[in-house]
Amino acid sequence: MKDKMGHSFLLSILFLEGIGCVHITYFHVPDQAIRGDNLTLVCEFDLGQNKLYSVTWTKGTHDFYTFKYLPSGQPTKGVFHLPGINVDEKSSTDSTVVLKNLQVSATGLIECAVTAEHTFVTDSRKQYLAVLDIPSEPPILHSYYSSQNYRMGEKISLKCDTPPSFPAANITWFINSQKVAPQLVTHDPIRKLHRGPDTLERSSSLLKFVVQEKHFENGKITIICEATIKNRYKETAEYLAYKEGFIQRMFSSSARIPSLEWLLLLHLYTFYVFMQPLL
Ligand SMILES: *[C@@H]1O[C@H](CO)[C@@H](O)[C@H](O)[C@H]1NC(C)=O
Ligand SMILES: *[C@@H]1O[C@H](CO)[C@@H](O)[C@H](O)[C@H]1NC(C)=O
């Protein structure tokens, strides 16, 4: 009983001395960055009556930057190498850490912890940072048939592959700008490939459907594969399927029926050329 009381007495004393005042007032770590970016992460704090002991930045369970006061009162900076994270020590301070040339492997839970001297009361904040690798190329569409002409009842079979990125791109299919029903689509498992310290990903998706009259708009079906990565990348690849015989019929009919105006002009010209010498 006595112990308990002594404990709470001690706690209230500490509280009165401003223990509760160690808190982070502004924290900024973006949720997304692009490979190669330089970032300034911010962790501003208010210590009340306390003095700063340390500011520690971690990714997962590993420190990458610390700002500490030694017993002598001298501030020291510590930089610890983690894959994908290059700290610019000179530009980093007690409340900021500057990262140069960010890599995909820097992706993870970033935390800033501020600790007060003597009491070691700590406040911390975290944010998951995703470092994206955005490709510059569009996705690629392959057809399993060499001909682009289709009869009713025939199957259209298309494959869409996205270029390497991180994370893997999402694929959405459209037929004549209508989003395709999921039962016509098979998403292959994501393939991983290594580039330097980074692991990039490629997605691939298969669209299969039986051609019906309703699919054709002016004798043609427009199929689009759209690849997106968050709100940073949106590229498409297009495939056109034609109703068999449609193109041929279009050409032959326009050749058979020239417009009336042209026929009239032709008659006038013939009349002029052949009759002129006689006039
Ligand atoms: C990052 O900083 C370096 C110089 O420190 C500069 O060369 C590079 O262009 C910067 N990168 C970006 C994406 O701004
Ligand atoms: C893919 O789509 C899912 C569901 O909408 C979303 O949660 C995820 O962030 C998307 N991935 C990318 C890389 O855009």
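When reading the values below, keep in mind they use all heavy atoms of this one structure, side chains included, and skip hydrogens, waters and symmetry mates. As the structure lists them, so they are numbered: ligands from 1, and atoms in each ligand from 1.
The closest side-chain heavy-atom distance from Tyr65 to Leu41 is not below 4.5 Å.
For ligand 2, the protein residues within 4.0 angstrom (heavy atoms only) are Pro167, Ala168, Asn170, Thr228, Ile229, Lys230.
Taking the six-membered ring for Trp and thresholds of 30 and 60 degrees, Tyr26 and His28 have nearly parallel ring planes, at less than 30 degrees apart. Aromatic ring pairs are classed by plane angle as parallel below 30°, tilted from 30° to 60° and perpendicular above 60°; the pair Trp57 and Phe64 is tilted.
Of all atoms in ligand 1, numbered sequentially from 1 with element shown, those under 4.0 Å from a heavy atom of Lys100 are 2 (O), 5 (O). In summary, the atoms of ligand 1 found under 4.0 Å from a heavy atom of Asn38, numbered by their order in the structure, are 1 (C), 2 (O), 3 (C), 8 (C), 10 (C), 11 (N), 12 (C), 14 (O). Taking every non-hydrogen atom of Gly36 and a distance limit under 4.0 Å, the qualifying atoms of ligand 1 come out as 11 (N), 13 (C).
Considering all non-hydrogen atoms of both residues, Ile24 and Cys112 come closest at CD1-O, 3.8 Å. Shown here for Leu102 and Val131, the closest heavy-atom pair between the two residues is CD2-CG2, 3.6 Å. Across all their heavy atoms, Pro167 and Lys230 have their closest contact at CG-CE, 4.3 Å.
Separation of atoms CZ (Arg232) and OG (Ser165) is listed at 13.5 Å; rounding is to 0.5 Å. With values rounded to the nearest 0.5 angstrom, Asn38 atom CG is found 8.5 Å from Asp88 atom CG.
At a 3.5 angstrom cut-off on N or O pairs, Asp37 does not count as close to ligand 1.
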